[in-house]
Amino acid sequence: MERRKFVGRSALLSLGSLLGAEIVFGNRLPEGLSLLGLQDPDPFALFDKDPEMVVLNSRPWNMEAQAHLLDDPVTPNKYMFIRNNGLIPEKPDPTKWQLTIDGEAARQVKSYSLEDLKKKFRPHTYRLTLECGGNGRSEFNPPASGNQWTVGAVSCASWTGVRLRDLLEDAGYTTNAVYIGYHAADRHLSGDPGKEPISRGVPMEKALQDETLVAYQMNGKDIPMAHGYPLRLVAGGWPASASGKWITRLSIRDRVHDGAKMTGDSYRVPCEPVAPGTKVADSDMCIIESMPVKSLITYPKTGATLPLGSSLPFRGHAWAGELRVARVKYSIDFGSTWEDCSLEAPANRLAWQRFSGEVRFPQKGYYELWARAEDSEGKAQPMVLPGWNPKGYLNNACHRIALKIT
Ligand SMILES: Nc1nc2c(c(=O)[nH]1)N[C@H]1C(S)=C(S)[C@@H](COP(=O)(O)O)O[C@H]1N2
Ligand SMILES: [Mo]
């Protein structure tokens with residue numbers, strides 16, 4: 001007969017800290033029994049999110065915005081999507097946090113405390129667009145597995161921190177440096193401490209850009225726990241999976257980083273377009289780098305009704321990975337004719353750009369407002385789902401909203 005097992009002391013302490021109370025009689029808690037108090041916590045209260053946010057998964061937590069929630073030029077925490085591959089770490093003691101630089105192409109192994117990062121290096125602030133590579137996946141056909149993001153896995157917050165370049169120069173690296181790989185404090189869903197949920201990063205060229213940050217603030221405050229407190233990498237314009245949260249180690253690699261979710265179908269797409277459903281050889285898959293041009297109508301909310309005769313002001317944001325958005329057009333006749341929107345310059349490189357317009361409708365009835373952005377190299381958003389790929393990445397099809405004129 002197997003002896004009954006009980007939950008260990010350190011696990012009890014961490015369960016207790018999640019509950020915010022000591023578990024009296026915890027030493028009698030059988031292993032494998034989940035505590036009622038820990039089930040179905042209210043994610044909106046837990047993460048300080050607006051109740052209009054949409055939860056896609058609770059293990060791990062994944063949550064997206066709706067288009068109309070993303071109207072602010074700088075996305076506040078309450079409307080910022082959450083994408084986790086593993087379990088959010090418990091809130092750490094910031095005075096004990098260390099970021100270690102190592103790797104084959106590092107001149108030395110060097111660790112920095114948060115204090116070091118804040119004191120030794122000049123802070124920089126940028127607004128940076130972060131879009132999940134899988135944003136728009138829900139439209140894929142044949143369907144792609146993974147979180148069924150609609151349009152809301154994108155944000156443009158203001159990030160403050162140290163330039164990754166300054167940090168790499170301080171630690172020193174050799175000429176054979178190829179890639180920066182991040183390692184973080186979140187835990188694998190299996191509970192196996194030897195497995196990382198995700199360990200990605202960026203090539204040296206991206207790492208050395210002015211806007212690539214090791215950030216300790218979001219929107220002027222400590223980064224919220226779900227978004228990487230106390231330290232995260234932010235590489236705007238790239239799939240947000242490159243922007244590691246809760247980072248503890250950055251490895252200067254002498255090869256393309258080969259951490260968790262860098263290989264196979266993860267965050268990679270066929271290098272050349274393929275027919276839907278095609279089996280693609282591993283060697284024909286390429287890592288996603290700059291994200292494609294895209295736009296979102298953030299006002300009005302889809303389904304809005306307005307009286308005939310009044311003109312409708314509308315607006316949204318457009319972004320184009322590493323590039324600038326050159327123009328945004330709109331259509332109210334299902335794409336037969338297009339008119340120019342006005343378009344603002346970005347607050348800085350890699351920040352999304354505000355577009356707006358005003359439209360009159362010829363008669364009562366149902367309409368759709370479509371927006372289509374074009375990047376500085378002349379590439380425009382497709383009207384329908386672009387190139388199929390096994391994991392449903394990079395859907396940058398035009399955004400549409402429904403309107404009723406009465
Ligand atoms: N350590 C760690 N970093 C991570 C992830 C993660 O699961 N663990 N998810 C990545 C992915 S896939 C995305 S889209 C972004 C999401 O960032 P956000 O939750 O702050 O919006 O974080 C990236 N960084
Ligand atoms: Mo992602």
Side-chain angles (χ1 to χ4, degrees), residues 50 52-54 64-75 79 129 131 135-141 148-156 291-320 323-347 351-387 394-406:
D50 187 275
E52 280 196 88
M53 295 288 284
V54 179
E64 74 169 328
Q66 305 183 54
H68 70 280
L69 301 179
L70 292 170
D71 193 41
D72 300 272
V74 180
T75 312
Y79 298 140
T129 308
E131 182 180 16
N135 197 22
R137 174 179 293 134
S138 63
E139 287 182 44
F140 269 72
N141 196 4
Q148 296 300 300
W149 304 109
T150 64
V151 297
V154 61
S155 66
C156 185
M291 293 290 285
V293 63
K294 197 161 170 179
S295 60
L296 198 58
I297 303 163
T298 58
Y299 181 88
K301 181 178 173 174
T302 189
T305 299
L306 72 152
L308 182 67
S310 56
S311 70
L312 172 74
F314 64 89
R315 59 180 182 260
H317 307 290
W319 60 96
L323 302 175
R324 268 201 49 162
V325 177
R327 61 187 61 79
V328 180
K329 293 184 180 262
Y330 73 90
S331 174
I332 56 163
D333 58 9
F334 302 108
S336 302
T337 60
W338 295 88
E339 300 288 335
D340 282 322
C341 300
S342 45
L343 177 67
E344 290 176 20
W352 64 19
Q353 292 170 241
R354 169 69 88 198
F355 67 84
S356 57
E358 199 156 327
V359 59
R360 278 181 181 278
F361 297 89
Q363 63 181 77
K364 290 179 186 172
Y366 173 88
Y367 296 86
E368 289 188 10
L369 176 65
W370 293 9
R372 189 174 71 183
E374 185 183 316
D375 70 26
S376 51
E377 291 179 352
K379 269 197 190 157
Q381 291 181 258
M383 301 307 310
V384 293
L385 189 77
L394 305 183
N395 176 5
N396 67 332
C398 289
H399 185 220
R400 308 153 51 182
I401 63 167
L403 296 169
K404 245 186 215 158
I405 310 301
T406 53

On a heavy-atom basis, which atom in [X] and which in [Y] lie closest, and how many Å separate them?
| X | Y | answer |
| --- | --- | --- |
| Ser331 | Asp333 | OG-OD1, 2.8 Å |
| Leu369 | Ile297 | O-CD1, 3.5 Å |
| Ile332 | Pro362 | CD1-CD, 4.4 Å |
| Val54 | Gln66 | CG2-CG, 4.1 Å |
| Ala351 | Pro346 | O-CB, 3.4 Å |
| Leu308 | Phe361 | CD1-O, 3.6 Å |

Backbone of [Y] reached by a side-chain donor or acceptor of [X] within 3.5 Å:
| X | Y | value |
| --- | --- | --- |
| Gln381 | Ser295 | yes |
| Gln353 | Arg324 | no |
| Glu139 | Asn395 | no |
| Thr129 | Cys156 | no |
| Trp352 | Pro73 | yes |
| Asp50 | Tyr79 | no |

Side chain to side chain contact (heavy atoms under 4.5 Å, CB included) for Val293 and Glu374? Distances and angles first, verdict last. CA-CA 7 Å; Val293 63; Glu374 185 183 316; 5.7 Å; no

If I take atom [atom1] from residue [X] and atom [atom2] from residue [Y], how far apart are they, to the nearest 0.5 angstrom?
| X | Y | atom1 | atom2 | value |
| --- | --- | --- | --- | --- |
| Arg315 | Cys341 | CZ | SG | 13.0 Å |
| Arg137 | Leu385 | CZ | CG | 12.0 Å |
| Glu64 | Leu69 | CD | CG | 10.0 Å |
| Thr305 | Ile405 | OG1 | CD1 | 8.0 Å |
| Ser376 | Arg327 | OG | CZ | 10.0 Å |

How about [X] and [Y]: do any of their side-chain heavy atoms sit closer than 4.5 Å?
| X | Y | result |
| --- | --- | --- |
| Arg354 | His317 | yes |
| Arg372 | Met383 | yes |
| Met291 | Trp319 | no |
| Thr298 | His68 | no |
| Pro386 | Leu394 | no |
| Val325 | Asp375 | no |

Kindly state each residue pair satisfying salt bridge (Lys or Arg N to Asp or Glu O under 4.0 Å) with at least one member in residues 394-406, sequence neighbours excluded.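 Checked against salt bridge (Lys or Arg N to Asp or Glu O under 4.0 Å) - neighbours excluded - the pairs reaching residues 394-406 are Glu368-Arg400.
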
Would you sort out whether Val359 and Tyr367 count as a side chain to side chain contact (heavy atoms under 4.5 Å, CB included), showing the intermediate values? CA-CA 12 Å; Val359 59; Tyr367 296 86; over 6 Å; no

Would you call the rings of Phe314 and Tyr330 parallel, tilted or perpendicular, where under 30° means parallel and over 60° means perpendicular? perpendicular

Apply ring-ring contact (aromatic ring centres under 6.0 Å, His included) to Trp338 and list each qualifying residue two or more places apart in sequence or on a separate chain.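 Partners of Trp338 by the ring-ring contact (aromatic ring centres under 6.0 Å, His included) criterion come out as none, since no residue qualifies.
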
